[in-house]
Amino acid sequence: MSKSTDELFKNVISHAKEYGFVFPSSEIYDGLSAVYDYGQFGAELKNNIKTYWWKAMVQMNDNIVGIDSAIFMHPKIWKASGHVDGFSDPMIDNKDSKKRYRADQLLEDKIERYDKDGKTDKAEQLQHDMDEALKNEDLPRLKELILEHEIADPIGGTRNWTDVRQFNLMFSTQMGAVADDADTIYLRPETAQGIFVNYLNVQKSGRMKIPFGIAQIGKAFRNEVIARQFIIRMREFEQMEMQFFVRPGTQKEWFNQWKETRLKWHLALGTDAAKYRYHEHTKLAHYADAAYDIEFEFPFGFKEVEGIHSRTDFDLSQHQQFSGKKMQYFDPEVDPETGKPYGNYIPYVIETSIGLDRMFLLTMINAFEEEDLSTEDKQDSRTVLRLHPCLAPVKAAIFPLTKKDGLPEKAREIMDRLKVDFNIQYEEKDAIGKRYRRQDAIGTPFCITVDHQTLEDDTVTIRYRDTMAQERVASADLEKIIGDQVSWRNLLK
RNA sequence: GCGGAAAUAGCUCAGCUGGUAGAGCAUCAGUUUCCCAAACUGAAGGCCGCGGGUUCGAAUCCCGUUUUCCGCUCCA
């Protein structure tokens with residue numbers, strides 16, 4: 001990482017905190033690792049990003065509908081999805097080789113070796129001890145066993161082990177007043193399952209015909225071993241996901257289409273296309289038959305912002321098996337090859353899944369500029385967030401040029417008119433230039449100044465964030481001028 | 001998780017070999033000015049991340065801990 005990009009990232013983080021975009025969670029108590037809160041402008045920006053996504057996905061596609069499923073779900077769902085078995089392992093690290101192993105697998109290997117060597121007594125004893133320890137979730141005991149049986153790192157060969165730790169990516173809690181294993185439920189580690197388990201409800205109640213999609217925006221939780229780089233990897237984060245249900249055999253086409261559609265969504269914001277790239281997964285997850293990430297070049301390198309995955313019929317099949325409910329869809333359309341309807345099948349799924357917090361950070365980094373405005377006479381600079389007007393937290397700020405002569409009253413009158421349509425700020429403190437710069441720092445695209453001429457002919461000046469140029473316009477035209485610029489039409493057309 | 005670095009005002013940082021806590025910007029009140037960081041006057045803001053230890057005395061030295069950043073590792 002070069003020094004300047006490193007600086008950029010730090011400056012964005014400082015800026016985000018200083019101007020009320022992102023704060024460390026629980027900061028007065030020293031913060032909580034990898035948890036962040038959105039401040040007054042951050043919340044607005046985040047909501048605008050959500051709106052852009054929701055409109056582009058749900059409103060603009062008549063075959064996609066949106067839902068909002070609960071964070072708590074039946075625990076069996078996570079068994080069906082593979083999350084329970086995939087992510088609750090006792091792990092141990094070797095301090096010399098820095099390799100991490102599953103503690104139970106190291107012991108299993110040892111048992112096998114005892115068996116091979118004819119030491120069946122030892123094998124049985126160890127098996128018994130291990131089962132006991134696993135059952136009781138006695139992690140110190142697992143380490144004792146590893147030490148007792150002199151198990152060495154298969155790669156490094158040393159026995160310099162850390163303690164055994166339970167790695168479970170899912171947060172768990174108890175439902176019901178009595179703490180009992182049977183009542184353990186999880187905070188969802190992804191929003192996708194909320195869509196899969198509602199697939200039948202939506203399809204039937206909405207009379208949806210394949211191909212169709214279900215979209216959702218919501219929080220997900222992962223107990224990451226390490227979480228760093230600001231809001232790139234958080235323990236509580238927000239996803240915007242869409243699962244698109246298609247006829248088996250057509251998944252490739254749809255996959256390619258969504259891959260392109262989603263990148264276009266990003267580029268419509270005016271981001272430099274060179275900052276984006278696709279990354280193809282070569283090692284596919286157990287559920288996928290194709291997977292691409294859309295990556296963005298953050299100051300610390302390319303990072304995944306969005307994933308487009310072809311999930312086959314894995315999830316719906318699993319839920320059919322675990323729930324005992326049929327997940328099939330009857331497709332009445334006639335197959336030209338056979339001349340008969342396609343009939344019953346479990347749909348294949350194309351998933352688009354974007355990390356909202358990452359999108360937020362991307363937007364901030366992309367918009368952030370420390371512009372040098374120095375002239376020969378004096379040094380000058382400004383910090384400006386060049387946010388797309390649709391995403392800007394505050395659409396316009398209204399300033400009376402001075403605090404006297406009835407200008408504040410006039411300015412407030414205009415604000416009261418505009419605030420019905422737009423998020424507006426009013427400021428009368430400090431010199432006009434300073435107020436302009438303050439608004440630049442939070443990305444407000446327009447500043448409207450009420451001066452003495454306003455009282456005579458009802459015109460105001462409008463000053464543009466990006467060019468810093470000013471224009472005199474009729475106050476009555478403001479709704480149209482601002483409205484045109486912040487209209488979602490600019491992004492969705 | 002391992003290794004490295006850091007933590008002092010809202011932000012950026014200074015604070016020497018231990019001896020009363022500092023600056024710039026920002027904030028608030030006022031005067032003045034008025035179209036791009038104005039000036040002046042005044043004010044507020046600090047458990048020097050937290051806990052222990054050494055010391056007559058710790059922001060400063062030592063130990064622990066929390067949080068953050070960097071590298072590895074991890075991320076179905």
Side-chain angles (χ1 to χ4, degrees), chain A residues 1 6-7 9-11 13-20 23-36 39 78 81-89 91-101 160-165 167 169-170 189-190 222-230 232-233 281 283-288 291 293 300 303-304 307 309 311 314 371 373-375 378-384 399-405 407 428-441 447-453 460-465 467-472:
Chain A
M1 189 190 306
D6 190 22
E7 288 290 299
F9 186 46
K10 280 184 180 155
N11 292 344
I13 294 173
S14 301
H15 192 83
K17 190 186 168 199
E18 191 171 358
Y19 287 90
F23 308 121
S25 165
S26 318
E27 200 187 6
I28 61 169
Y29 289 100
D30 265 351
L32 188 60
S33 183
V35 186
Y36 291 88
W78 306 113
S81 69
H83 284 81
V84 169
D85 296 332
F87 278 88
S88 59
D89 304 322
M91 306 294 282
I92 190 166
D93 296 78
N94 185 283
K95 290 180 188 168
D96 298 319
S97 67
K98 313 275 187 216
K99 293 289 173 197
R100 175 168 295 160
Y101 301 93
N160 189 9
W161 296 106
T162 63
D163 287 339
V164 176
R165 288 170 303 251
F167 280 74
L169 220 56
M170 287 196 291
E190 63 175 25
R222 287 184 199 176
N223 205 354
E224 300 284 355
V225 179
I226 50 157
R228 260 197 311 225
Q229 280 170 326
F230 199 43
I232 276 281
R233 180 168 304 155
H281 287 213
K283 195 184 119 202
L284 290 168
H286 58 269
Y287 53 72
D293 291 340
F300 36 86
K303 290 277 175 195
E304 177 189 354
H309 297 173
R311 292 181 78 126
F314 175 82
E371 192 179 7
L373 299 171
S374 297
T375 57
K378 65 166 187 174
Q379 274 207 326
D380 196 9
S381 68
R382 65 166 182 163
T383 301
V384 52
F399 311 142
L401 187 58
T402 72
K403 271 187 269 189
K404 314 178 291 198
D405 306 333
L407 297 185
E428 59 180 32
K429 174 121 177 71
D430 292 317
I432 194 79
K434 192 173 253 180
R435 284 179 267 167
Y436 286 149
R437 300 299 170 85
R438 264 205 293 261
Q439 293 298 325
D440 287 341
C447 291
I448 294 150
T449 302
V450 170
D451 56 17
H452 293 91
Q453 195 180 330
V460 294
T461 61
I462 183 163
R463 178 263 196 188
Y464 300 98
R465 176 195 67 200
T467 58
M468 295 170 74
Q470 275 178 270
E471 245 187 289
R472 182 160 284 275

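Naming convention: chains lettered A, B, ... in sequence-line order (proteins, then strands); numbering from 1 in each chain. Owing to the predicted nature of the structure, the values given are computational and were not obtained by experimental measurement.
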Of all the nucleotides listed ([options]), which has the minimum atom distance to the side chain of [X]?
{"X": "Lys434(A)", "options": "C35(B), A38(B), C11(B)", "result": "A38(B)"}
{"X": "Tyr36(A)", "options": "C69(B), C36(B), C11(B)", "result": "C69(B)"}
{"X": "Arg233(A)", "options": "C74(B), G10(B), C34(B)", "result": "C74(B)"}
{"X": "Lys17(A)", "options": "C36(B), G10(B), C34(B)", "result": "G10(B)"}
{"X": "Arg463(A)", "options": "C36(B), C74(B), C35(B)", "result": "C36(B)"}

Rounded to the nearest 0.5 Å, how far apart are [atom1] of [X] and [atom2] of [Y]?
{"X": "Leu407(A)", "Y": "Glu428(A)", "atom1": "CG", "atom2": "CD", "result": "10.5 Å"}
{"X": "Glu304(A)", "Y": "His281(A)", "atom1": "CD", "atom2": "NE2", "result": "5.5 Å"}
{"X": "Leu401(A)", "Y": "Gln453(A)", "atom1": "CG", "atom2": "CD", "result": "11.5 Å"}
{"X": "Asp430(A)", "Y": "Arg438(A)", "atom1": "CG", "atom2": "CZ", "result": "4.5 Å"}
{"X": "Ile432(A)", "Y": "Thr461(A)", "atom1": "CD1", "atom2": "OG1", "result": "7.0 Å"}
{"X": "His452(A)", "Y": "Asp405(A)", "atom1": "NE2", "atom2": "CG", "result": "4.0 Å"}

Study note, to complete from the structure: Symbol by symbol from the 5' end, with Watson-Crick or G-U pairs under 3.5 Å, [ ] crossing and | another strand, RNA chain B is (((((((..((((.....[..)))).(((((.......))))).....(((((..]....))))))))))))....
Taking atom [atom1] in both [N] and [M], compute the distance separating them and give it to the nearest angstrom.
{"N": "C74(B)", "M": "A7(B)", "atom1": "C1'", "answer": "26 Å"}
{"N": "U68(B)", "M": "C34(B)", "atom1": "C1'", "answer": "43 Å"}
{"N": "G30(B)", "M": "U66(B)", "atom1": "C1'", "answer": "43 Å"}
{"N": "G45(B)", "M": "A29(B)", "atom1": "P", "answer": "16 Å"}
{"N": "G53(B)", "M": "A58(B)", "atom1": "P", "answer": "11 Å"}
{"N": "C36(B)", "M": "A6(B)", "atom1": "C1'", "answer": "37 Å"}
{"N": "C70(B)", "M": "U27(B)", "atom1": "P", "answer": "30 Å"}
{"N": "U65(B)", "M": "A26(B)", "atom1": "P", "answer": "41 Å"}

Just the rounded figure in Å: distance from [atom2] of [N] to [atom1] of [X].
{"X": "Ile28(A)", "N": "A9(B)", "atom1": "CD1", "atom2": "P", "result": "16 Å"}
{"X": "Arg382(A)", "N": "C35(B)", "atom1": "CZ", "atom2": "P", "result": "19 Å"}
{"X": "Tyr29(A)", "N": "U65(B)", "atom1": "OH", "atom2": "C1'", "result": "18 Å"}
{"X": "Tyr464(A)", "N": "C35(B)", "atom1": "OH", "atom2": "P", "result": "20 Å"}
{"X": "Ile448(A)", "N": "C36(B)", "atom1": "CD1", "atom2": "C1'", "result": "16 Å"}
{"X": "Arg437(A)", "N": "U27(B)", "atom1": "CZ", "atom2": "P", "result": "14 Å"}
{"X": "Arg222(A)", "N": "C75(B)", "atom1": "CZ", "atom2": "C1'", "result": "8 Å"}
{"X": "Met468(A)", "N": "C35(B)", "atom1": "CE", "atom2": "P", "result": "15 Å"}

Exercise for review: Determine, stepwise, if the pair Asp440(A) / Glu371(A) fulfils side chain to side chain contact (heavy atoms under 4.5 Å, CB included).
Suggested key: CA-CA 11 Å; Asp440(A) 287 341; Glu371(A) 192 179 7; over 6 Å; no
Select base, sugar-phosphate, or nothing to describe what [X] touches, counting heavy atoms under 4.0 Å on all strands.
{"X": "Asp440(A)", "value": "nothing"}
{"X": "Ser14(A)", "value": "sugar-phosphate"}
{"X": "Arg435(A)", "value": "nothing"}

Exercise for review: Specify the residue among Glu18(A) and Leu401(A) whose closest nucleotide of RNA chain B lies further upstream toward the 5′ end.
Suggested key: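 It is Glu18(A), whose closest nucleotide lies nearer the 5' terminus.
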**Study point:** Residue met sooner reading RNA chain B from 5', once Glu27(A) and Val35(A) are mapped to nucleotides
**Key:**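 Comparing both residues, the 5'-ward one is Glu27(A).
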Identify each atom pair where a protein N or O and an N or O of nucleotides 45-51 of chain B are less than 3.5 Å apart, giving names and distance.
| unit_1 | atom_1 | unit_2 | atom_2 | d |
| --- | --- | --- | --- | --- |
| G49(B) | O2' | Asp30(A) | OD1 | 3.3 |

Exercise for review: Test side chain to side chain contact (heavy atoms under 4.5 Å, CB included) on Tyr436(A) and Met468(A) and set out the steps.
Suggested key: CA-CA 9 Å; Tyr436(A) 286 149; Met468(A) 295 170 74; over 6 Å; no
Exercise for review: Show your working on side chain to side chain contact (heavy atoms under 4.5 Å, CB included) between Gln439(A) and Phe399(A) and close with a plain yes or no.
Suggested key: CA-CA 11 Å; Gln439(A) 293 298 325; Phe399(A) 311 142; 3.7 Å; yes
**Study point:** Side-chain donor/acceptor of Arg437(A) to backbone N/O of Thr383(A), under 3.5 Å
**Key:**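 Not at all, since once roles are kept as given, no pair shorter than 3.5 Å links the two residues.
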Check your understanding: Which letters describe nucleotides 28-33 of chain B, given B = protein heavy atom under 4.0 Å from base, S = only from sugar-phosphate, - = neither?
Key -> SS---S
Any side-chain heavy-atom pair of [X] and [Y] under 4.5 Å:
{"X": "His15(A)", "Y": "Glu18(A)", "value": "no"}
{"X": "Trp78(A)", "Y": "Glu190(A)", "value": "yes"}
{"X": "Lys429(A)", "Y": "Lys434(A)", "value": "no"}

Check your understanding: Can Arg233(A) and Arg222(A) be said to form a side chain to side chain contact (heavy atoms under 4.5 Å, CB included), step by step?
Key -> CA-CA 9 Å; Arg233(A) 180 168 304 155; Arg222(A) 287 184 199 176; over 6 Å; no
